[in-house]
Amino acid sequence: MTQHPFLAAICSGAGRVLLVGGLLAVPAVAPAQQLHELSLEELMRIDAGRVFGASERTQPVTEAPASVTFVTREEIARMGYRTLAEVLRGVRGMFVTDDRNYSYLGARGFATPGDYNSRILLLVNGHRVNDNVFGQAEIGAEFGMDPAMFERVEIIRGPASSLYGDSAFFAVVNVITRSGASLDAAEIAVEGGSLGTARARTSVGRRFANGVDFALSATAERSAGVEQLYFPAFDAPDTNNGVADGLDGEELEQFYGQLSFRDVTLTSVYGRRQRQIPTASLGTVFNEQTVPEQTTDAHTLLDAQYARSFGATRLSARASYDRLAAGGRYPFASAENPAVPIVGTTDILGSRWSAGTGLTRSMPGRQVLTVGAEFINNLHQDQRFQYSNEAEPLFVDRQSSRQYAVYAQDEIRPANWLILNAGVRYDGYEQFRRLSPRTAVIVMPSPNESFKYLFGSAFRAPNAYEQNPFYFGVSNLLPESINTHEVVWERYTNDTLRTAVSTYWYTAERLITLRTDPSTPLGVAYVNEGQVRARGLELEAQMRIRGGVRAVTSYALQRVTDQQTGTALTNSPRHMLKARVIMDGPTNRPIIAAEVVHLSSRTTLAGQTLGSATVANVTVTQPIGRDFELVGMFRNLFNEQFEDPVSGAHRQDSILQNGRTFRIGLGWKFWSQ
């Protein structure tokens, strides 16, 4: 394989950097004509030149009031992505950190260690899936969906509270799932690899002549993880000289189902992940073998959507139920019997049902008006903690709440070359009210080129965890706020090249920050006092090259400053350089996909500077006849040794990430037409 020119380049030391800087990139290009309104089922089959989540209607990327990136189904399959975190790691301007329990997403230079991804809004087919206890957008294996069931992922940058409300702070990530028509077969895939990994998936989908469309998928995976992990912070004889033995395992089960007929689509998702934690976080016993530290997350989603077009009007309505059942097991040292730890257990139950409706109508004067309303009933926002040596829980905090919102967006096209877009949303919570505006001016010298000025205001509501009275005392937290300005240039050239340049600046205020407070039970409390300012530049190019080569490369330059200290923000890389290439050969020849991600140095909470890191991943797919394919996946190909900053819940200031790993899988597709 190293004889291939591309692989030969990346196998050289200089080639790792030259590859990132030299590649241009990827998929399909938007047609010049104006698009008509599409149903969700039609949306799942369109190419990546159009976006749904930017305005809750389908439109060309060049006309959308946002800077947008896509990752398509084919890219996900060819790169062998196994989590949403892996998908997002290679996206322009985003970065992922991991504390060997959860994956955390950074955007536009902001990713404070320990934050629960609550400033990114995660959607599934346009439906909010951030939980209602932590406000967390879970993107690792804990997300609960196999990326093999993603039709595509839309990344919509900038504030979008004018449409979506809470958490649409830095970006919106919209996962559009596969339909039966997209699958059009039954599939069985099995794989195994390093770290004791074994994974199996079975999927089936079909669209019948009578219009019924169904898709089903189930995935199970087990991994032993790294057998021995060394943590210098615990390097002492009474803590096994800093070595955690066999405590990095993970198990997951995932289920996805969708049924569509005419104007109605029913979607169900269930995912459960159990994760051992080798880091001894929260002051737990290091290398505890009898009752190791672990977390469990189980997500349930039931969603019913109706969408129908009546001439120039498109009406949609949906009702959904979401449930998070999470728990943690934490072994603490016992003064009475050091050989037997006291085990603390947390139980989290977050459930809600929601209902919403939206209407989009083409109006006289070349206008498109979108209006909608949403109601959310948070049935459970419950938290509980108990020690194993106590008969009663240390605390039980049961909360519930309701919220509602109305929103409107108007797009006016006074000339073929000019689009004016304005929107506003009003959110009503029990503790506060919030008005979120967004405006855009889009100048289009041609249908395939646009210059955009974008302004948006967004908020993040304090979540139930931050308002836990036992942990942090009684609080009067206010919502965080952000104001973002952005200038974007996008251009499509024929069917081969798309280029995008974006520069932005924002101010985020009243950030909810953990501070010392001796009056609270834990000695800390959340307060509204953080403020940051940022400026950034992002470049991206996507290209189709003759011979079946598609490539994408991006560069991000960003500086985020803490206004209280005047210093750069923790865990905020100044530079990010990324490239992804997929090379399709002739029939039955190997398909080679490679990705390189470079992050510049970052600082930790303690002020330590972590060196830059360049990680390369390669996936080779070998078709075998018509129905089989063999896949080999190599992660961190050059065995780069790098660490990620972590939160104050750890004795460690940073945690080492996995070195080189591999997986080998076999897929069988049958019952296809």
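In this chain, residues are counted from 1 in sequence order. As a basis for the values below, the full set of heavy atoms in this structure was taken, side chains included, without hydrogen atoms, waters or symmetry mates.
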(message) With rounding to the nearest 0.5 angstrom, report the OG to CE distance, Ser554 to Met94.
(response) 11.5 Å
(message) Please determine whether a side-chain nitrogen of the Lys or Arg among Arg413 and Glu411 lies less than 4.0 Å from a carboxylate oxygen of the Asp or Glu.
(response) no
(request) For residues Phe451 and Trp417, establish whether the separation of their ring centroids is below 6.0 Å. (result) no
(request) Inspect the contact between Arg550 and Glu74 and indicate whether a charged nitrogen and a carboxylate oxygen are less than 4.0 angstrom apart. (result) yes
(request) Would you please say whether a donor-acceptor pair under 3.5 Å links the side chains of Asn125 and His127? (result) no
(message) Do Val204 and Phe214 make a side-chain contact, defined as non-hydrogen atoms from C-beta onward lying under 4.5 Å apart?
(response) yes
(message) Under a plain distance cut-off of 3.5 Å, with no hydrogens placed, do Thr72 and Glu75 share a side-chain donor-acceptor pair?
(response) yes
(request) Hey, could you give me the CG/CD1 distance between Leu418 and Ile442, rounded to the nearest 0.5 Å? (result) 9.0 Å
(message) Whether the Thr267 and Gln258 side chains hold a donor-acceptor pair (N or O, under 3.5 Å, no angle test) is what I'd like checked.
(response) yes
(request) State the CG-OG distance between Asn117 and Ser167, to the nearest 0.5 angstrom. (result) 10.0 Å
(message) What I want to check is whether the side chains of Asp213 and Ser260 have a donor and an acceptor closer together than 3.5 Å.
(response) no
(message) Between Asn210 and Arg262, is there a side-chain donor-acceptor contact under 3.5 Å, judged purely by atom types and distance?
(response) no
(request) Find out whether Val129 and Leu301 are in side-chain contact, i.e. whether some heavy atom of one side chain is under 4.5 Å from a heavy atom of the other. (result) yes
(message) I need the Arg73 CZ to Leu183 CG distance, nearest 0.5 Å.
(response) 8.0 Å
(message) Any heavy-atom pair between the side chains of Leu420 and Val441 that's under 4.5 Å?
(response) yes
(request) Describe, in one word, how the ring planes of Phe150 and Phe143 are oriented to each other, choosing from parallel (under 30°), tilted (30 to 60°) and perpendicular (over 60°). (result) perpendicular
(request) Only one of Gln136, Arg460, Glu466 passes side chain to side chain donor-acceptor pair (under 3.5 Å) with Ser118; say which it is. (result) Arg460
(request) Measure centre to centre between the rings of Phe134 and Tyr465, then say whether the value is under 6.0 Å. (result) yes
(request) With Arg433 as the cation and Tyr426 as the aromatic partner, state whether NZ or CZ is under 6.0 Å from the six-membered ring centre and within 45° of the axis. (result) no
(request) In plain terms, say whether Asp184 and Arg206 are close enough for a salt bridge, that is, a side-chain N and a carboxylate O under 4.0 Å apart. (result) yes
(message) With no hydrogens and no angle check, just 3.5 Å: does a side-chain donor-acceptor pair link Asp297 and Tyr102?
(response) yes
(message) If you compare all heavy atoms of Ile376 against all heavy atoms of Ser354, which two are closest, and at what distance to 0.1 Å?
(response) CG1-CB, 3.9 Å
(message) Restricting to non-hydrogen atoms, name the atom on Ala458 and the atom on Pro159 that form the minimum distance, rounded to 0.1 Å.
(response) CB-CB, 3.4 Å
(request) Ignoring hydrogens and angles, state whether a donor on the side chain of Glu486 or Ser502 is under 3.5 Å from an acceptor on the partner side chain. (result) yes
(request) Would you check, one step at a time, whether the test side chain to side chain donor-acceptor pair (under 3.5 Å) holds for Arg438 with Gln409? (result) CA-CA 9 Å; Arg438 180 175 72 174; Gln409 177 177 278; 2.7 Å; yes
(message) Which heavy atom of Leu252 sits nearest to which heavy atom of Ala141, and what is that distance?
(response) CD2-CB, 3.5 Å
(message) I want to know whether Phe170 and Phe110 have ring centres closer than 6.0 Å.
(response) yes
(request) Answer with yes or no whether the side chains of Ser182 and Glu151 bring together a donor and an acceptor at under 3.5 Å. (result) yes
(request) Run the salt-bridge test on Glu374 and Arg425 with the 4.0 Å N-O cut-off and return the result as yes or no. (result) yes
(request) With side chain to side chain contact (heavy atoms under 4.5 Å, CB included) as the test, would you mind laying out the steps for Val153 and Ile76 before giving the verdict? (result) CA-CA 9 Å; Val153 180; Ile76 292 169; 4.3 Å; yes
(message) Looking only at side-chain N and O atoms, does Glu63 offer a donor or acceptor that is under 3.5 Å from a partner on Ser450?
(response) no
(request) Determine the minimum heavy-atom distance between Ala66 and Lys452, stating which atoms define it. (result) O-NZ, 3.0 Å
(request) Provide the full list of salt bridge (Lys or Arg N to Asp or Glu O under 4.0 Å) pairs with a residue in residues 355-364, sequence neighbours left out, each pair given once. (result) none
(request) Look up atom OH in Tyr407 and atom OG1 in Thr370, then write down how far apart they are to the nearest 0.5 Å. (result) 8.0 Å
(request) Classify the side-chain pair Ser362/Arg314 by whether it contains a donor and acceptor separated by less than 3.5 Å. (result) no
(request) Identify the two heavy atoms, one from Gly365 and one from Ile412, that lie closest to each other, and give their separation to 0.1 Å. (result) O-CG2, 4.3 Å
(request) Using a 4.5 Å cut-off on heavy atoms from C-beta on, say whether the side chain of Ser217 contacts that of Arg178. (result) no
(message) For a 4.5 angstrom cut-off between non-hydrogen side-chain atoms, does Ile512 reach Asn528?
(response) yes
(message) If the threshold is 4.0 Å, N to carboxylate O, is there a salt bridge linking Arg157 and Glu538?
(response) yes
(request) Mark yes when over 12 heavy atoms from residues, nucleotides or ligands other than Arg366 sit less than 6.0 Å from its CZ; otherwise mark no. (result) yes
(request) Please work out whether the ring planes of Phe432 and Phe459 are parallel, tilted or perpendicular, with thresholds of 30° and 60°. (result) perpendicular
(message) I'd like to check Asn463 versus Val133 (side-chain heavy atoms, cut-off strictly below 4.5 Å). Are they in contact?
(response) no
(request) Give a yes or no on this: more than 12 heavy atoms of other residues, nucleotides or ligands lie within 6.0 Å of atom CZ of Arg398. (result) no
(request) Evaluate the side-chain proximity of Val175 to Leu123: yes if any heavy-atom separation is below 4.5 Å, no if none is. (result) no
(message) For a side chain to side chain contact (heavy atoms under 4.5 Å, CB included) check, start with the C-alpha distance between Glu187 and Phe670, then their side-chain angles and the critical distance, and finish with the verdict.
(response) CA-CA 6 Å; Glu187 300 176 359; Phe670 57 99; over 6 Å; no
(request) Please determine, by modelled atom types, if Asn483 and Thr507 share a side-chain donor-acceptor pair under 3.5 angstrom. (result) no
(request) Give the C-alpha distance, both sets of side-chain angles, the deciding distance and a yes or no for salt bridge (charged side-chain N to carboxylate O under 4.0 Å, His left out) between Glu142 and Arg273. (result) CA-CA 5 Å; Glu142 65 275 9; Arg273 185 206 70 158; 3.3 Å; yes
(message) List the residues meeting salt bridge (Lys or Arg N to Asp or Glu O under 4.0 Å) with Glu509, not counting sequence neighbours, and say none if there are none.
(response) none
(request) May I ask you to say whether Arg352 pairs ionically with Asp322, meaning some side-chain N is under 4.0 Å from a carboxylate O? (result) yes
(request) Evaluate the side chain to side chain contact (heavy atoms under 4.5 Å, CB included) criterion for residues Thr484 and Arg108: first the C-alpha distance (whole Å), next the side-chain angles of each, then the deciding distance (0.1 Å), finally the verdict. (result) CA-CA 11 Å; Thr484 300; Arg108 297 195 157 172; 4.1 Å; yes
(message) Could you check whether any side-chain heavy atom of Val71 comes within less than 4.5 Å of a side-chain heavy atom of Val91, counting everything from C-beta outward?
(response) yes
(message) Looking only at side-chain N and O atoms, does Gln403 offer a donor or acceptor that is under 3.5 Å from a partner on Asn378?
(response) yes
(message) What I want to check is whether the side chains of Gln254 and Tyr256 have a donor and an acceptor closer together than 3.5 Å.
(response) no
(request) Identify whether the distance between the nearest side-chain nitrogen and carboxylate oxygen of Arg498 and Glu490 falls below 4.0 Å. (result) yes
(request) Please report the shortest heavy-atom distance between Asn132 and His380, naming the atom on each side. (result) ND2-O, 3.2 Å
(request) Give me the one residue out of Arg201, Arg199, Arg272, Arg82 that meets salt bridge (Lys or Arg N to Asp or Glu O under 4.0 Å) with Glu221. (result) Arg199
